[in-house]
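What's counted below: heavy atoms across the whole structure, side chains too, no hydrogens, waters or symmetry copies. Here is how names work: the chains are called A, B, and so on, in the same order as the sequence lines, proteins then strands, and each is numbered from 1.
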Protein chains: 2
Amino acid sequence: MTVAADPDQAARAALEALSTARVAQTSSTAERVADALREQVVEGRLLPGVRLGEQSFCDAMRVSRNTLREAFSQLVAERILVREAHRGVFVTTPGVADVHDVYRSRRIVEPAAVRHGENARDEAAVSRVRDAVEEGRAAAGREDWAGVADANQHFHRALVGLAGSTRLDQQMDLLLAEMRLTFHRMGTHRDFHEPYLERNDAVATLVERGELEEAAREVADYLADAETRIIASLSGART
Amino acid sequence: MTVAADPDQAARAALEALSTARVAQTSSTAERVADALREQVVEGRLLPGVRLGEQSFCDAMRVSRNTLREAFSQLVAERILVREAHRGVFVTTPGVADVHDVYRSRRIVEPAAVRHGENARDEAAVSRVRDAVEEGRAAAGREDWAGVADANQHFHRALVGLAGSTRLDQQMDLLLAEMRLTFHRMGTHRDFHEPYLERNDAVATLVERGELEEAAREVADYLADAETRIIASLSGART
DNA sequence: CGTCGCGCATCGTTCAACGATCCGGCATGG
DNA sequence: CCATGCCGGATCGTTGAACGATGCGCGACG
């Protein structure tokens, strides 16, 4: 580390750096446990319907029961887990009705977010949309279909990011996490996610050109199509 | 209740009814505690910035500390409370940035929900919009300005209810709860909420006539206006 | 006057325990 | 053979107490 000639100056610089980069107080054991569990679920290592016994997970993650329960509560609020009284918590198994409801919500939020994207932050937000498209292409290039699925999620998150509202972003994250659970119930991701690579590209270029109305309409069609395909695939399998 | 001639048929009907109407297991002490606290906050008895000490609330509500903490966690997730590490939980004090963000979200969601209201449930959903308008009128008639504020919230909730998505409804409830906190920071509710009675009526009649595009545009204007007024009132007061 | 340290109050986390509830298996009776 | 009822084990919901960690206020000291 370089020692500044003027210590006062150094202190001021350090203060500025610390104020900019928010203090990483990601502590709170419960939060870390929740993060770990959430990751296990979205990665597909914990499949829908699996029961998460308190006792077994307590000593597996080396935390107390109360701490674990606090993490569970958070994930239940995120709809990732469901709690059945005196029976335990389970990984959510989204039903057809849930998929329908999620897509009704997405059909409201996503096109509107694209249509009324705040002009100010467009530079960065638009590039995030493009980045997601490229990420999907790259993953498809190396036949990493799980990666394509991830990129797809990033794409839709970037779309609502155009609205520039933190709260909308968080709501979208919840919806996307729920979609991941649904995908895990379906077969391989390839058949489903691959066709959307080009549609993502089309939407991205429309957004880049500022043709937001067109882009919004395309997204709406996109979502309607995806919903019917998912529901077909879901009712084709076991209920 | 009518006794069916065929008892087997009756049993089948009863089974169907029970499967539809989910069993009301609203127990769980933590949930009840959370409900009680939430009510205290939205009613304005617990004002923004107030600190909620664990010890004092434990014996006040006759529950254990762990149970109370579980309720706290839920309310923190709802943004009604904020938790500062090793300092305690406080009633959220929304800043100008929060109001801005909330309204960016509302300007996306509410007009879109009105514009793309699902036609199926319209009969009931539309009447809920009208009911909220009448509720506001009645409250204004007896000079109950807090009641007018409530009716206003019901009105906007009914608007997103037109979309027919449970998840969207819940998101809207969170946003409205946050708005309540903001209102409590502002002065009396009368000056702010009274002018919107007629605009609510206008929107309701547009919706009833099926002129959804017009209604959505009106709602968008409505929200933009409300935001500027709130932010003005908020920055006029103390930060 | 400003800074440093100390004690107190509170929070975060853990542990042990008791009653309540659910699940599975067994026995009894038709 | 199948249905009904009962019982034990396992798990959850909730409580109470405890220990270390952290933040805050106050006094002492330079």
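Here salt bridge (Lys or Arg N to Asp or Glu O under 4.0 Å) pairs that include residues 55-68 of chain A, with residues two or more places apart or in two chains, are A/Glu54-A/Arg65.
Using a cut-off of 4.0 Å between Lys/Arg side-chain N and Asp/Glu carboxylate O, B/Arg38 and B/Asp35 are scored as salt-bridged.
Each end of the helix from C/dC1-D/dG30 to C/dG30-D/dC1 gets its own axis from five base pairs, and the two axes differ in direction by 10°, given to 10 degrees.
Considering only heavy atoms from C-beta on, B/Ser105 comes within 4.5 Å of B/Leu175 through its side chain.
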Distance-only criterion, 3.5 Å: show the donor-acceptor pairs between side-chain atoms of residues 40-50 of chain A and protein atoms not counting sequence neighbours.
unit_1: A/Gln40; atom_1: OE1; unit_2: A/Arg45; atom_2: NE; d: 3.3

List the atom pairs, with distances to 0.1 Å, where a side-chain N or O of residues 151-158 of chain A and a protein N or O form a donor-acceptor pair under 3.5 Å, not counting sequence neighbours.
unit_1: A/Asn152; atom_1: OD1; unit_2: A/Asn200; atom_2: ND2; d: 3.3
unit_1: A/Asn152; atom_1: OD1; unit_2: A/Tyr222; atom_2: OH; d: 3.2
unit_1: A/Asn152; atom_1: ND2; unit_2: A/His193; atom_2: ND1; d: 3.4
unit_1: A/Gln153; atom_1: OE1; unit_2: A/Arg180; atom_2: NH1; d: 3.3
unit_1: A/His154; atom_1: ND1; unit_2: A/Glu135; atom_2: OE1; d: 3.0
unit_1: A/His154; atom_1: ND1; unit_2: A/Glu135; atom_2: OE2; d: 3.1
unit_1: A/His156; atom_1: ND1; unit_2: A/Arg106; atom_2: NH2; d: 3.2
unit_1: A/His156; atom_1: ND1; unit_2: A/Glu110; atom_2: OE1; d: 2.8
unit_1: A/His156; atom_1: NE2; unit_2: A/Tyr222; atom_2: OH; d: 3.3
unit_1: A/Arg157; atom_1: NE; unit_2: A/Asp173; atom_2: OD1; d: 3.0

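Every residue meeting the salt bridge (Lys or Arg N to Asp or Glu O under 4.0 Å) condition with B/Arg87, not counting sequence neighbours, appears here in chain and number order: B/Glu84.
Note that CG of A/Asp101 is 8.5 Å distant from CG of B/Leu168, once rounded to the nearest 0.5 Å.
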Report summary line: Contact string for nucleotides 5-16 of chain D, one letter per nucleotide 5' to 3', B = base within protein heavy-atom range under 4.0 Å, S = sugar-phosphate only, - = neither, reads ------SBBBBB

